[in-house]
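No experiment lies behind these values; they were computed from the predicted model shown. Here is how names work: the chains are called A, B, and so on, in the same order as the sequence lines, proteins then strands, and each is numbered from 1. Values below: every heavy atom of this structure, side chains too, minus hydrogens, waters and symmetry copies.
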Protein chains: 2
Amino acid sequence: MNFEYLIKTHNLKVTAQRVSILENMNNYGHINIDELFLEVKKNFNNISLATLYKNINLMIKNSLIKEVKIASYKSKYEIKKDTHAHILCTVCNEFEDLDFNCSLAVDNVEKTTAYKIDNSEFIFSGICQKCQ
Amino acid sequence: MNFEYLIKTHNLKVTAQRVSILENMNNYGHINIDELFLEVKKNFNNISLATLYKNINLMIKNSLIKEVKIASYKSKYEIKKDTHAHILCTVCNEFEDLDFNCSLAVDNVEKTTAYKIDNSEFIFSGICQKCQ
DNA sequence: GTATTTGCAAATGATTTGCAGTGCT
DNA sequence: AGCACTGCAAATCATTTGCAAATAC
């Protein structure tokens with residue numbers, strides 16, 4: 001994935017810190033602020049949480065990344081892609097994307113409510129096969 | 001709705017503050033901490049945020065209420081009922097329950113992932129008909 | 001009567017802001 | 001030169017904790 005291009009096309013300036021943030025989000029799939037801080041620190045020893053938060057908020061505003069809020073956990077951040085569902089195992093804390101037809105549900109809701117939907121969240125949580 | 005009974009059957013002691021918390025959750029449908037604080041203050045002038053948080057956390061632990069986390073907003077709390085979806089208008093901030101067949105989706109996910117699902121969140125957001 | 005709850009104040013944790021210095025174009 | 005970005009320190013906002021007095025059962 002070309003992160004510099006991704007940043008530019010979302011109307012932001014390319015900085016090494018921003019590239020590192022996106023690289024780590026991409027590697028983890030979903031990453032919370034503390035994990036991100038530890039990872040980015042490996043390349044930028046002096047980076048501050050303030051810089052992370054500023055960049056995350058900017059990237060969210062410019063629709064480059066997305067915050068996923070999860071009850072009882074810290075928010076996770078992911079690079080924005082087509083709407084998809086998430087599934088969480090509350091025992092091992094595995095958190096994954098799920099193959100689930102969201103657009104069908106969205107179409108349905110738009111028809112029945114007359115809302116124009118621009119975002120949707122689907123989070124399933126429970127116990128994965130290994131942990132049962 | 002009989003709130004005292006509801007509290008007792010969830011193994012908690014009945015206090016006037018707890019009843020008031022549930023009454024307000026029920027009236028609002030979904031309520032955030034600041035709204036709840038203002039409302040409960042009308043009956044209990046000296047109630048503190050600490051008491052609200054303590055009670056909310058206890059009630060969540062005992063499955064009496066549920067926290068709904070929403071990106072860009074403060075969490076809302078609701079009295080627990082059968083799984084249902086939510087819809088948010090990002091213009092007027094209207095937040096409502098949605099008639100949406102969640103159990104069908106849950107069954108499906110359990111089959112395809114072999115997870116045992118015990119909770120799920122469905123939040124649609126966009127612009128309601130009035131605000132379009 | 002005992003254990004739990006309440007309300008206050010203080011502590012902790014999370015996020016944001018202001019500002020001086022740096023770097024990019 | 002000018003503008004945006006970074007990193008630090010401090011400020012703000014959100015939530016939790018400890019404790020003494022009050023209340024539920």
Side-chain angles (χ1 to χ4, degrees), chain A residues 3-25 30-62 64-77, chain B residues 2-24 30-62 64-77:
Chain A
F3 301 111
E4 308 206 355
Y5 177 75
L6 199 58
I7 295 170
K8 279 184 197 152
T9 52
H10 286 82
N11 301 310
L12 294 172
K13 302 216 159 148
V14 176
T15 69
Q17 288 89 336
R18 287 176 182 173
V19 171
S20 178
I21 288 171
L22 291 179
E23 277 171 358
N24 284 297
M25 275 180 197
H30 321 84
I31 194 166
N32 73 27
I33 193 74
D34 302 321
E35 293 162 343
L36 187 61
F37 188 48
L38 285 175
E39 289 295 337
V40 177
K41 243 185 176 352
K42 290 179 185 167
N43 300 303
F44 300 92
N45 201 260
N46 293 323
I47 198 164
S48 67
L49 272 171
T51 299
L52 285 190
Y53 279 115
K54 282 173 193 165
N55 280 322
I56 284 175
N57 288 337
L58 256 181
M59 290 178 180
I60 289 174
K61 187 149 69 83
N62 289 22
L64 205 171
I65 65 173
K66 188 176 163 183
E67 178 181 9
V68 185
K69 282 195 172 188
I70 314 157
S72 316
Y73 289 80
K74 298 194 83 166
S75 288
K76 291 176 187 285
Y77 304 95
Chain B
N2 185 335
F3 300 112
E4 307 205 357
Y5 177 75
L6 200 58
I7 294 170
K8 279 184 197 152
T9 52
H10 285 81
N11 302 309
L12 294 172
K13 300 212 162 153
V14 176
T15 68
Q17 288 90 336
R18 286 177 182 171
V19 171
S20 178
I21 288 171
L22 292 179
E23 277 172 358
N24 284 297
H30 321 84
I31 194 166
N32 74 26
I33 193 74
D34 302 322
E35 294 161 344
L36 187 61
F37 189 47
L38 285 176
E39 290 294 338
V40 177
K41 244 186 176 351
K42 291 180 186 167
N43 300 302
F44 300 92
N45 201 261
N46 293 324
I47 198 164
S48 68
L49 271 171
T51 298
L52 286 189
Y53 278 114
K54 283 172 192 165
N55 280 321
I56 284 174
N57 288 338
L58 256 181
M59 290 179 181
I60 289 173
K61 190 150 68 84
N62 288 23
L64 206 172
I65 65 172
K66 188 175 164 186
E67 178 181 8
V68 185
K69 282 195 170 188
I70 313 157
S72 314
Y73 289 80
K74 298 194 83 166
S75 288
K76 291 177 186 287
Y77 304 95

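B:Arg18 contributes a side-chain N or O that, together with a main-chain N or O of B:Lys13, makes up a donor-acceptor pair within less than 3.5 Å. Between the side chain of A:Lys76 and the backbone N or O of A:Ile70, no donor-acceptor pair lies under 3.5 Å.
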Carefully, step by step, assess A:Asn32 and A:Tyr73 under the rule side-chain contact (heavy atoms from CB on, under 4.5 Å).
-> CA-CA 9 Å; A:Asn32 73 27; A:Tyr73 289 80; over 6 Å; no

Step by step, work out the side-chain contact (heavy atoms from CB on, under 4.5 Å) result for B:Ile33 and B:Ile56.
-> CA-CA 9 Å; B:Ile33 193 74; B:Ile56 284 174; 3.6 Å; yes

What's the verdict on side-chain contact (heavy atoms from CB on, under 4.5 Å) for A:Lys54 and A:Leu58, showing C-alpha distance, side-chain angles and the deciding distance?
-> CA-CA 6 Å; A:Lys54 282 173 193 165; A:Leu58 256 181; over 6 Å; no

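Looking at every heavy atom in both residues, A:Leu22 comes nearest to A:Phe3 through CB-CD2, 3.6 Å. Nearest heavy-atom pair across B:Val14 and B:Glu4 is CG2-O, 3.7 Å. Taking each heavy atom of B:Ile21 and B:Leu36 in turn, the nearest pair found is O-CD1, 3.9 Å.
Rounded to an integer number of Å, the gap from CG of B:Asn57 to C1' of C:dT4 is 16 Å. For the pair B:Glu67 CD and D:dA14 P, the interatomic distance rounds to 14 Å; values are reported in whole Å. Rounded to an integer number of Å, the gap from CD of B:Glu4 to C1' of D:dA24 is 12 Å. The separation between A:Ile33 atom CD1 and D:dA14 atom P is 18 Å, rounded to whole Å. Between the CD1 atom of B:Ile21 and the P atom of C:dT6 there is a distance of 7 Å, rounded to whole Å. In this structure, B:Leu49 places its CG atom 19 Å from P of C:dT5, rounding to the nearest Å. As rounded to whole Å, 13 Å separates atom C1' of C:dT16 from atom CD1 of A:Ile56. Following rounding to the nearest Å, B:Ile60 (CD1) and D:dT16 (C1') show an atom-to-atom distance of 14 Å.
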Letter per nucleotide, 5' to 3', of nucleotides 3-10 of chain D [B base touched, S only sugar-phosphate touched, - untouched; heavy atoms, 4.0 Å] = -SSSBBB-

Check nucleotides 12-14 of chain C against the protein and report each pair of N or O atoms closer than 3.5 Å, with its distance, or say if there are none.
residue, atom, partner, partner atom, Å
C:dA14, OP1, A:Lys74, NZ, 3.4

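Sorted by first and then second residue, the salt bridge (charged side-chain N to carboxylate O under 4.0 Å, His left out) pairs with a member in residues 33-47 of chain A read A:Asp34-A:Lys74, A:Glu39-A:Lys42; sequence neighbours excluded.
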